[in-house]
Protein chains: 2
Amino acid sequence: MSPPVLDRETAMTIQSSREFAALARTAKVGNDGHRVGPSPVNAVIHYDIGALIFSQGDRAGNIFTVTSGAVRLSHLLADGRRQVLAFCMPGEVFGFAQDGIYSFFAEAIEDCSVVAHSPQEVRAADNLNAALSSLFSAQSHMLVLGRQCAAERLASFLLDMAKRQRGRRCVELSMSRADIADYLGLTVETVSRGLGKLQKDGVILLHSARCIEIREPQVLRDMVE
Amino acid sequence: MSPPVLDRETAMTIQSSREFAALARTAKVGNDGHRVGPSPVNAVIHYDIGALIFSQGDRAGNIFTVTSGAVRLSHLLADGRRQVLAFCMPGEVFGFAQDGIYSFFAEAIEDCSVVAHSPQEVRAADNLNAALSSLFSAQSHMLVLGRQCAAERLASFLLDMAKRQRGRRCVELSMSRADIADYLGLTVETVSRGLGKLQKDGVILLHSARCIEIREPQVLRDMVE
DNA sequence: CGGACAATTGATTATGCTCAATACTGGTGG
DNA sequence: CCACCAGTATTGAGCATAATCAATTGTCCG
């Protein structure tokens, strides 16, 4: 990829959402909002699909655990190029900040619930485990971004999504093609073509754009080795 | 990049270095090898250039802090493609493992000294800080691998190296072109051509292959935004 | 000095991007 | 209920970037 002459879509303005996030943090404290012994602040917050949880550049506050739905973590360059760092599913933790500033956006890509923790109130061991999970997934994604071709990236992605939805017949994607592309370091066109090819080869079946049946998981596994 | 028909060089055999690492761990315990209060085991270990510290697939033991020299962390695919995850310089910590198994190789790319810590003996807060540093650098590298073109990747790399050697006139590279290529998700040829172009444009000056003077840091900064 | 490895340079190719047009989908209002 | 619209996805054609293949030069050690 070369630096684009024109912005993707009309590149989102990087704006602080400090007020927004502060509002959200106090809003809709759930059933478990009362404090329980030495546990973290179980402030359950609900975000509608598309809602911004925090912005790149915001002063960091809480860390969050997803309890339902899905969250997209993405970093935006000045010219509009975007890298999706991770999709966070239930059980996953996000919001670790560098020097007190969030270095990426966190947005709800489905209606979702998260639990906000004050980092100080979480046991250090829990924080460490969460940070290590993020680290390992970042490291394996570096492999995908650095050394796999488009077809292999899609195979990795589909297997990863399938693993997180074990039990379902079909993989339900909560993200758009643009999100997938920005996660895999590709363009929407390449993602679309790649999925089309996998379907033509009988490896997957697209019930709809967001619902994919994996018919030959072993073929995907062979692609990523 | 597409899956290579032939291995890079003659792809390194993935072999367990359990015996080797065990040996190394007990060898050459340095001056600070005695235990000091509640501190970690300050077992200082020296590795010669090229030495293997641990292998991908090894049962995990200690975590390590680099005190001198440089360490390359790399992940190898079955067909020989390699992704360098990080170059660890003095002060940096490596060796966090997933499910008790190291998921990458750690090798000395210069003569170097590391301090081996038993993870249990390190304060959780220190582990967390080390893990978060690795996470943040992995995240920013995902941006490089996913969304920057070859010239931008080189600019990012040179600026990063320069930052770690603040004070020097020239950036001294401890790694080969192949290492740089595998770190940046490029080929050696592209790295070489890219550096050549930067030199032709007067942005850098190659005193030797491993010694680069940055004449126009601002140009590099503008490239990465 | 010679040999092995590392780095550079050149020519060609292919993968994935860009630009462009078309099809599909879900939600809204007549 | 259906037409419409906007956003999303797919498909097509041509091109550019970086990979591949190949040859040469440079450098470090013994």
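OP1 or OP2 of C:dT8 sits under 4.0 Å from a side-chain N or O of B:Ser192. The shortest distance between the side-chain N/O atoms of A:Ser176 and the OP1/OP2 oxygens of D:dT8 is not below 4.0 Å. A close approach under 4.0 Å does occur between a side-chain nitrogen or oxygen of B:Thr190 and OP1 or OP2 of D:dA19.
Separating the NZ atom of A:Lys200 from the C1' atom of D:dT11 is a distance of 14 Å, rounded to the nearest angstrom. B:Met175 places its CE atom 15 Å from the C1' atom of C:dA6, with the value rounded to the nearest Å. Per the geometry, CD belonging to A:Gln199 stands 14 Å off C1' belonging to C:dC24, to the nearest Å. Atom C1' of nucleotide D:dA9 and atom CG of A:Leu198 are separated by 16 Å, given to the nearest angstrom. Nucleotide C:dA23 holds its P atom 18 Å from the CZ atom of A:Arg177, rounded to whole Å. A:Leu195 has its CG atom 17 Å from the C1' atom of C:dA23, to the nearest Å. The distance between atom CD of A:Gln148 and atom P of D:dA18, rounded to the nearest whole Å, is 19 Å. The distance between atom CG of A:Asp182 and atom P of D:dT8, rounded to the nearest whole Å, is 13 Å.
For C:dT18, its base sits under 3.5 Å from the side chain of A:Arg193 at one donor and acceptor pair at least.
Side-chain contact check for B:Ser103 and B:Gln56: no donor-acceptor pair (N or O, by modelled atom type) lies under 3.5 Å. Using a 3.5 Å distance cut-off with no hydrogens or angles, the side chains of A:Glu213 and A:His207 do pair a donor with an acceptor. Between the side chains of A:Ser74 and A:Gln83, no donor-acceptor pair of N or O atoms lies under 3.5 Å.
With contacts defined as side-chain heavy-atom distances shorter than 4.5 Å, the pair B:Leu73/B:Phe87 does not qualify.
In this structure, of D:dA19, C:dT18, D:dA22, it is D:dA22 that holds the atom nearest to the side chain of B:Glu189. Taking every side-chain heavy atom of A:Cys149 into account, C:dG16 is the closest of C:dG16, C:dA7, C:dT18.
Between the side chain of B:Ser176 and the backbone N or O of B:Asp179 there is at least one donor-acceptor pair closer than 3.5 Å.
In terms of position on DNA chain C, the residue among B:Gly196 and A:Val191 whose nearest nucleotide sits closer to the 5' end is B:Gly196.
Shown for residues 203-213 of chain B: no residue has heavy atoms falling under 4.0 angstrom of DNA chain D.
Contact check on B:Arg177 versus B:Asp182 returns no salt bridge, with no Lys/Arg side-chain nitrogen under 4.0 Å from an Asp/Glu carboxylate oxygen.
Ring centroids of B:Phe54 and B:Phe105 are separated by 6.0 Å or more, keeping the two rings apart.
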